[in-house]
Structures are given as structure tokens and as C-alpha cells.
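Order of the sequence lines fixes the chain letters, A, B, ..., with proteins taken first and strands second; residue numbering starts at 1 for each chain. Side chains are part of it too, since the values below use all heavy atoms of this structure and drop only hydrogens, waters and symmetry mates.
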Amino acid sequence: MELRLYNTLTRSVEPFTPLEPGRVRMYTCGLTAYDYGHIGNFRTFVGVDILQRFLATQGYDVDSVMNITDVDDKMIARSSAAGRSLREYADFYAAAFTEDCQRLRIRPARHIVRATDFIPDMVAWIERLVASGHAYEREGSVYFRLASFPAYGRLSGKDLDGLQSGARVDVDDYAKEEARDFVLWKAWKEGEPFWESPWGKGRPGWHIECSVMAEKLLGAAAPQGSPQGTIDIHAGGTDLIFPHHENEIAQVEALTQAPFARYWVHMEFLLVNGEKMSKRLGNFYTVRDLMEKGYHPSAIRYLLASVPYRRQLNFTLEGLDQATSALERLRVFQDRIRRTPLPDTTDSGLNQAAAAASDAMVAALAENLNTAEALAAIFDLVRAANTALDAGHFGAGNRAPVQAVLDAFDEIFAVLAHDAPPASALSPEAVNQLLAEREAARRMRDWARADALRRQLDDAGVLVEDIKGGGGRWRWK
RNA sequence: GGCGCGGUAGCCAAGUGGUAAGGCAGAGGUCUGCAAAACCUUUAUUCGUGAGUUCGAUUCUCACCCGCGCCUCCA
């Protein structure tokens, strides 16, 4: 089914078709590795993950790149304050980022790249910008000459004149021709890490990193006959539209004379108590914070995924509780259809409902990734199937079709598998031992002992459910 | 001030020019030794406010009110 995507460039939902049939070249602005990512950051990455997973299920080969910025002002300041090298510091938070992505089941981009591994490419690109008159050197720094790129501002809808008058002058940037010009290469300052360049020691500006890595790994692979340098999708958080993505466009298009990206996809913000979650405001939760409070990464992912990406999501612990409960419903259902002994029959109406749910889910996702509507389709099927199970209509012939819908759902949402149980958890053997004792007590109608054992298991995080006719099941809470 | 997103039940949230999906929570019931899970019933005469267009608007138009974001590093 054809995907329709909102494109910031045109401010409308458009049918998506990649330049090269069957292959999507996509770049996502990742994290600056100066601290743990918070769940606001991960909202964007879960959104991107869902987009990429959906494209994959539609048969596309998704050639994706995500960068990790490993040199910037904050990192330099923090790493030196911590008495560690920039590289060491970046490695630590890059590893933490990878770990959090795994917990949240974010599939890694095909290429995860570090800015400092591409410095020579950045220098070369800046040299070309200087040579073509789009950039100039001042006192060892290089700036992009905005006056040379009239198309600036198209993505964000910014008025250039307004920018010019409104711009504040950074103390570092006194040498710029115009206040609105942005830095491509920063001259070295005492005590900072540096790389050699034609303009002396220094380091790249933030914006040039993404442009150059995207162009090297994806733009250069544009298919025959299409504009060189053009990629299919560029994604990131909405706050990146201006100035970051605007600057990226300028840096690339000034040289290639071709569109940098055909679709710009921006994920809306996560709010906390009605305000943007940000490191600066200090109102953030990391995945680790929430895990310490007993929440599961899969529930975090569910919450982040359940609100369509173009809508601001106000994060609350109550919302996370709700997500936990909703997800539990899906898991219990999956357990139920896997484990319940079924009669050798088929409820054909139910299989039709499964097919309808599957179609509705795909259609919802195809319409600009409407995850809320996709979930509704799944819950409709869950209720229909539970009703059939209760009534004894759910037969062996229904198991595979219904499970297939859940599998298709989880291929995108990736929430059904259980999280790793806590390290302190009882071993499965210990759990089974206690369950067996409880079963024995129940057969003896020793309810006091049975209930005590159930409480003991409950305290250890194991939820016990009896099944009619004897036996039971359990799960981690 | 400019640009953008949004205001739908207690909470989260979908959606359409024709009379309100789904989830969570609550209440009652069925089932259960008791639970849990599941199922059934129930919870918005109404979609920020006002006006307009229309046979009919939550959905279109205009105005206004409110929340948030970007305009500076930021997912």
C-alpha cells in the first residue's frame, strides 16, 4: 500500500515514492553524545523507527544513516570538566545511547556514523563552498555566506529580513560579514581538541556534519539519471527545522544545485507538564530513570508510539501507567491464543475480522503513520477474538490467522515481547516450584495456604492467574 | 511580532459535511474458592467560544479565547 507522508517542505501530506524503485535512502539527525538521551529524544527515534519499519514491511530496502555528534561546545566543556578526553566521553554516551535504543527496540540505522570520523570530508566540502563563493574565512573560522543562497528559509518559512534584524550576535562570531551567516569551521581555542585544516587548527560546525555525512553515504549513491546528491527522506525533531535543517539545505544545495532531500519528516515534541522536555529545563526522564521506577522499556515505547508523530505528546507517569495496562492487555491476549487448547474448528467470521483488522492497520499506518488508528484496529480484533474464545468458537483454524495479525502489528510496534525480567527475579524453576505447591494446596482446598503462596509470588513480581479446570499461568508484572 | 502544532468524555486519543473509533480509569453484572484475566452493560445530545455557509458542521469560512513549539544550542 502506498505510504502518504507529511512533508514539511510542502506542508502537506504527499504520496511517497523513492527516487529509486524499491529503495529508500534516508538520513536521521541523531543524538549529541554529551549526556544520556531522554525520552523526548527517543520519541523522535521511535517515530523514525516506525517509519523505517513500515517502509520495510512495504517491501522497501531502507538504506538509512543516523549520525552521532561527538564534538560540540557542551561536550568539550563537560569532558574537560570531567577530566576525560573528548573521545572517551563521547564513547561512553554513544554506548549508552545504543543500549537505550536496544531497550526500546529501535532498529539501528544501517550506518551509524560519528562526526569525527568524517572530518576530511567536511574540510573538503567547506573548501568547495569557499571556492564557489558560498563561504568565506575570517580569523581561522569559516562561515557560510547566506547572501549567496537566496532560497534560504524555504523549509522553515522564515523571512530572511526578519532573521537579519532579529539575529543576536554570538561573541565568537564577531568576524562574520553578516550576523545571520553561520559557522562551518570553528577556529581552535586554547585547550580545545582540534583537527588540521587549510584555515589552521579547528573543528567543524554542527550543521556541516550532517550535510557531509548524508551526502557521502547517501547522496553520492543517487540512482542513474536522478539529480546527484538528492536523498529521499531527511528526518529529525521539529526543533531542527530551523536553523539546522535549513543550514543543511544551504550547504548542500549551494554546491549540488539539486534538492538535498525530497521529503522532510519532523517529529513533534514530547512535553512534560505542558512544557518541552529538555535537558536545559531539567524536566526530563531518561529510560534509566523510568526503569528505576519500575516501568518497562516496552511500555515506554508503546506510549511514545501510540500518539501519532505529528502531535505533541504530554508525558506523564499516569500516561505511562495507562500504556502499561494497554500493553498488558495485548500480551495477555497473545498468551491466551498461544496456550489455550482449541477445538478443531474454524470460526470463519473471526478470520474475516482478522483480515479486516490487518487491512485497517496497514491503511492507518499508510496514512501518514496514524498509529492511534492502527492500534484501534488491533484492539477491535482482540475483543472479537476474546469473545470467540469465551464462547468456545475460537478454533484451531483461527489461531494462525489471528497470530499473523499480531505478528504484523509487532513488526511495526515491537512491544509484545516481554522485557528482560529484573536481575533480582526468581528463577523460573523457583517460580514453578512455588506454583506447584500452590496447586497442591488448592487441590486440598487449603485456600489460606494457596493465597499465601500467591502473595509470595506477587511480592516477587510474579502475577498468577488460575485457569478453569486446573492449572494456571504466570507472568512478570 | 513572524512561522507552526493543538484544544473531542475523569485521563490518553482517532475521525468524518449526515449526526462521535480505540485504550486507560470508574460503576454494575457474568465467570472464579477468592482473585486475576476475559466478556456484557454503563460513562460526550456533544467535539474551546461566537458568528457565517449549508437541508445538515465536531468536520468548511471568519473572528476571538486558551495551551505548546520554533524564531539562540536543542530530538
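- Side-chain atoms of R454(A) and base atoms of C34(B) include a donor and an acceptor less than 3.5 Å apart.
- Remark: C34(B) base-pairs with no nucleotide in the shown strands. Criterion, Watson-Crick or G-U wobble with two distances under 3.5 Å.
- Between R329(A) and C39(B), a side-chain N or O to OP1/OP2 separation shorter than 4.0 Å is present.
- Taking atom NZ on K158(A) and atom P on C70(B), their separation rounds to 10 Å, with Å as the unit.
- For E373(A), the side-chain atoms get nearest to A14(B) when compared with the rest of A75(B), G33(B), A14(B).
- At least one test fails for K293(A) against the ring of Y285(A): distance under 6.0 Å to the centre or angle within 45° of the axis.
- Between N370(A) and G15(B) there is a side-chain N or O to OP1 or OP2 distance below 4.0 Å.
- Ring planes of F409(A) and F413(A): parallel class, angle under 30° (limits at 30 and 60°).
- For G18(B), the paired nucleotide is C55(B), the pair qualifying as Watson-Crick or G-U wobble because both relevant distances are below 3.5 Å.
- Using modelled atom types and a 3.5 Å distance limit, the side chains of D321(A) and Y295(A) yield a donor-acceptor pair.
- The P atoms of C65(B) and G28(B) are separated by 45 Å, rounded to the nearest whole Å.
- Which of C70(B), C12(B), A36(B) sits closest to the side chain of R475(A) comes down to A36(B).
- Comparing L313(A) and A448(A) by the nucleotide of RNA chain B whose heavy atom lies nearest to each, the residue mapping closer to the 5' end is L313(A).
- When the side-chain nitrogen and oxygen atoms of R383(A) are compared with OP1 and OP2 of G22(B), one or more of them lie within a distance under 4.0 Å.
- Q312(A) contributes a side-chain N or O that forms a donor-acceptor pair with the base of C68(B) under 3.5 Å.
- Judged by distance alone with a 3.5 Å cut-off, no donor-acceptor contact links the side chain of R311(A) to the base of A13(B).
- Between R288(A) and D100(A) there is a salt bridge, with a side-chain nitrogen of the basic residue lying less than 4.0 Å from a carboxylate oxygen of the acidic one.
- Taking a pair to require two hydrogen-bonding distances under 3.5 Å in either a Watson-Crick or a G-U wobble arrangement, C73(B) remains unpaired.
- Here the side chain of E465(A) is nearest to one of G10(B), A36(B), C34(B), namely A36(B).
- Between H266(A) and H245(A), the gap from one ring centroid to the other is short of 6.0 Å.
- Checking A75(B), G23(B), C39(B) against the side-chain heavy atoms of L270(A) singles out A75(B) as nearest.
- The side chain of T32(A) places an N or O atom within less than 4.0 Å of a non-bridging phosphate oxygen (OP1 or OP2) of A75(B).
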Test side-chain hydrogen bond (donor to acceptor under 3.5 Å, both in side chains) on N7(A) and R262(A); report intermediate values, then the result. CA-CA 8 Å; N7(A) 188 352; R262(A) 300 167 59 239; over 6 Å; no
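- Contact annotation: K276(A) side-chain N/O to C70(B) OP1/OP2 distance is under 4.0 Å.
- At the heavy-atom level, L303(A) lies nowhere under 4.0 Å from the strands shown.
- F394(A) has its CZ atom 16 Å from the C1' atom of A37(B), to the nearest Å.
- Between U61(B) and G6(B), the distance separating the two P atoms is 13 Å to the nearest Å.
- A gap of 23 Å separates the P atoms of C12(B) and A20(B), to the nearest Å.
- Under 3.5 Å, the side chains of N368(A) and Y309(A) contain a donor-acceptor pair of N or O atoms.
- Taking atom P in both U45(B) and C39(B), the straight-line distance is 26 Å, to the nearest Å.
- Candidate nucleotides C3(B), A75(B), C24(B) were compared by shortest atom distance to the side chain of S325(A), and C24(B) ranks first.
- Residue ring and base: F379(A) does not count as stacked with G22(B) (centre distance below 5.5 Å and interplanar angle below 30° not both satisfied).
- In this structure, R445(A) atom CZ and U32(B) atom P are separated by 12 Å, rounded to whole Å.
- The stretch residues 38-50 of chain A touches RNA chain B through H38(A), G40(A), N41(A), T44(A), each having a heavy atom under 4.0 angstrom from the strand.
- The C1' atoms of U8(B) and A44(B) are separated by 8 Å, rounded to the nearest whole Å.
- Relative ring orientation between F42(A) and F97(A) is described as parallel, the plane-to-plane angle staying below 30° on a 0-90° scale split at 30° and 60°.
- Remark: C5(B) base-pairs with G67(B). Criterion, Watson-Crick or G-U wobble with two distances under 3.5 Å.
- Under the Watson-Crick or G-U wobble criterion, with both distances below 3.5 Å, C62(B) is paired with G50(B).
- Looking at D466(A), its side chain comes within 3.5 Å of the base of C34(B) through a donor and an acceptor atom.
- One P atom belongs to A36(B), the other to C24(B), and the distance between them is 15 Å to the nearest Å.
- For the pair I337(A) CD1 and A37(B) P, the interatomic distance rounds to 19 Å; values are reported in whole Å.
- Counting distance only, with no hydrogens placed and no angle test, the side-chain atoms of D451(A) and the base atoms of G33(B) include a donor-acceptor pair under 3.5 Å.
- Under the 30°/60° scheme for interplanar angles, the aromatic rings of F182(A) and F144(A) are found to lie parallel.
- Residue contacts shown for K74(A) include a base, since a base heavy atom lies under 4.0 Å away.
- Base pairing annotation: C24(B) forms a Watson-Crick or G-U wobble pair with G10(B), both donor-acceptor distances under 3.5 Å.
- Aromatic pair Y93(A)/Y36(A): ring centres closer than 6.0 Å.
- Comparing G69(B), C12(B), A36(B) by their nearest atom to the side chain of L271(A) picks out G69(B).
- Close to A35(B), at under 4.0 Å from its OP1 or OP2, lies no side-chain N or O of R455(A).
- Taking the six-membered ring for Trp and thresholds of 30 and 60 degrees, W264(A) and H234(A) have nearly parallel ring planes, at less than 30 degrees apart.
- Applying the Watson-Crick and G-U wobble criteria (two distances, each under 3.5 Å), C39(B) pairs with G29(B).
- Across U41(B) and C5(B), the matching P atoms stand 39 Å from one another, rounded to whole Å.
- The C1' atoms of U30(B) and G22(B) are separated by 24 Å, rounded to the nearest whole Å.
- A straight line from NE2 of H245(A) to P of G4(B) spans 19 Å, rounded to a whole angstrom.
- Between G33(B), C5(B), C71(B), one nucleotide has an atom nearer to the side chain of E268(A) than all others, and that is C5(B).
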